[in-house]
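Right, one structure below, let's go through it.
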Amino acid sequence: QVQLVESGGGLVQAGGSLRLSCVASGRIFSSSVMGWFRQAPGKEREFVARITRLGGSTYYADSVAGRFTISRDNAKNTVYLQMNSLKPEDTAVYYCAAGRGTSYAGAYDYWGQGTQVTVSS
């Protein structure tokens, strides 16, 4: 069964904004650090942002700090990624993940199928 589902991707011009959403099962969401990763063609999957289980701490990759904001609503089992001032370099498939945390993909146990974000110049 699908346990994480992303939405909100699309095509946007440079400088624009998008908000990604990820809905998880209650069991997974309530016990997990939630993270966002992205992967461009020919590139390895890279860390974007993560948020601790109760939302008290957030962490960002240097490439997105100051432009992206991660948040979670535990009542709705949903994590968000607000992306502002988008750049063509942000173009990738974005994945939601749940697990024990850190910036390494291997620390996450559950993954969504991804949502495409394309930023035109």
Side-chain angles (χ1 to χ4, degrees):
Q1 71 279 7
V2 177
Q3 298 181 97
L4 280 73
V5 180
E6 304 101 331
S7 63
L11 174 64
V12 65
Q13 289 187 328
S17 298
L18 287 172
R19 187 176 75 157
L20 307 183
S21 299
C22 173
V23 180
S25 72
R27 179 184 62 81
I28 292 172
F29 191 87
S30 64
S31 62
S32 299
V33 169
M34 300 298 297
W36 287 97
F37 290 75
R38 66 187 183 186
Q39 188 167 22
K43 301 291 185 179
E44 66 182 28
R45 190 166 298 186
E46 67 173 344
F47 168 76
V48 175
R50 69 178 187 270
I51 186 166
T52 52
R53 187 176 66 85
L54 297 179
S57 298
T58 57
Y59 305 86
Y60 299 92
D62 289 343
S63 59
V64 307
R67 300 188 297 120
F68 291 11
T69 302
I70 187 171
S71 61
R72 67 190 293 165
D73 185 338
N74 288 355
K76 296 180 178 179
N77 299 327
T78 302
V79 62
Y80 304 95
L81 185 68
Q82 178 67 46
M83 305 184 294
N84 298 326
S85 302
L86 283 162
K87 304 175 181 179
E89 306 93 89
D90 296 318
T91 295
V93 177
Y94 283 71
Y95 296 91
C96 178
R100 292 177 175 84
T102 82
S103 299
Y104 297 99
Y108 295 82
D109 301 311
Y110 302 95
W111 294 84
Q113 293 186 347
T115 185
Q116 177 71 47
V117 172
T118 302
V119 184
S120 62
S121 60

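To the nearest 0.5 Å, atoms OG (Ser121) and CD (Gln13) are separated by 9.5 Å. Atom SG of residue Cys96 and atom CD of residue Gln113 lie 12.0 Å apart, to the nearest 0.5 angstrom. Put simply, CG on Leu11 and CD on Gln116 are 9.5 Å apart, with the number rounded to the nearest 0.5 Å. Summarising the geometry, atom CZ belonging to Phe29 is positioned 8.0 Å from atom SG belonging to Cys22; distances are rounded to the nearest 0.5 Å.
Counting only distance, with no hydrogens or angles, the side chain of Glu6 and the backbone of Gly114 share a donor-acceptor pair below 3.5 Å. In this structure, Thr102 contributes its side chain and Ala107 its backbone to no donor-acceptor pair below 3.5 Å.
Between Leu54 and Asn74 the shortest side-chain heavy-atom distance falls below 4.5 Å.
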Please report, to 0.1 Å, the donor-acceptor pairs under 3.5 Å made by any side chain of residues 31-40, with sequence neighbours excluded.
| residue | atom | partner | partner atom | Å |
| --- | --- | --- | --- | --- |
| Ser31 | OG | Arg27 | O | 3.0 |
| Ser31 | OG | Ile28 | O | 3.4 |
| Ser32 | OG | Ile28 | O | 2.7 |
| Arg38 | NE | Glu46 | OE2 | 2.7 |
| Arg38 | NH1 | Asp90 | OD1 | 2.9 |
| Arg38 | NH1 | Tyr94 | OH | 2.9 |
| Arg38 | NH2 | Glu46 | OE2 | 3.4 |
| Gln39 | OE1 | Arg45 | NE | 3.4 |
| Gln39 | OE1 | Arg45 | NH2 | 3.3 |
| Gln39 | NE2 | Lys43 | O | 3.0 |

Listing, residues 79-86 side-chain donor-acceptor contacts under 3.5 Å, not counting sequence neighbours, or none:
| residue | atom | partner | partner atom | Å |
| --- | --- | --- | --- | --- |
| Gln82 | NE2 | Asn84 | OD1 | 3.0 |
| Asn84 | OD1 | Ser17 | OG | 2.9 |

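The shortest non-hydrogen separation linking Leu4 to Ala24 is CG-CB, 4.1 Å. Summarising the geometry of Ser21 relative to Thr78, their closest heavy-atom pair is CB-CG2, 4.4 Å, with the distance given to 0.1 Å. In terms of heavy-atom proximity, Tyr60 sits nearest to Ala49 at CD2-CB, 3.7 Å. Residue Thr58 comes nearest to Ile70 through the heavy atom pair CG2-CG2, 3.7 Å, listed as atom of the first residue, atom of the second, then distance. Here the shortest heavy-atom pairing between Tyr108 and Gly99 reads CD2-N, 3.6 Å. Here the closest heavy-atom approach between residue Val48 and residue Phe68 is recorded as CG1-CD2, 3.8 Å.
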Between Thr115 and Tyr95, does a side chain to side chain contact (heavy atoms under 4.5 Å, CB included) hold up when you go through it step by step?
CA-CA 7 Å; Thr115 185; Tyr95 296 91; over 6 Å; no
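Residues passing the side chain to side chain donor-acceptor pair (under 3.5 Å) test with Glu89: none are found, sequence neighbours excluded. Partners of Arg53 according to the salt bridge (Lys or Arg N to Asp or Glu O under 4.0 Å) rule, which considers only residues two or more places apart in sequence or in another chain, do not exist here. In terms of the salt bridge (Lys or Arg N to Asp or Glu O under 4.0 Å) criterion, Asp73 has no residue partners (sequence neighbours excluded).
Val23 is not connected to Val117 by any chain of hydrophobic side-chain contacts under 4.5 Å among Ile, Leu, Val, Met, Phe, Trp and Tyr, and they are in different clusters.
Every pair passing salt bridge (charged side-chain N to carboxylate O under 4.0 Å, His left out) that includes a residue from residues 105-121 is listed here, sequence neighbours excluded: Arg100-Asp109.
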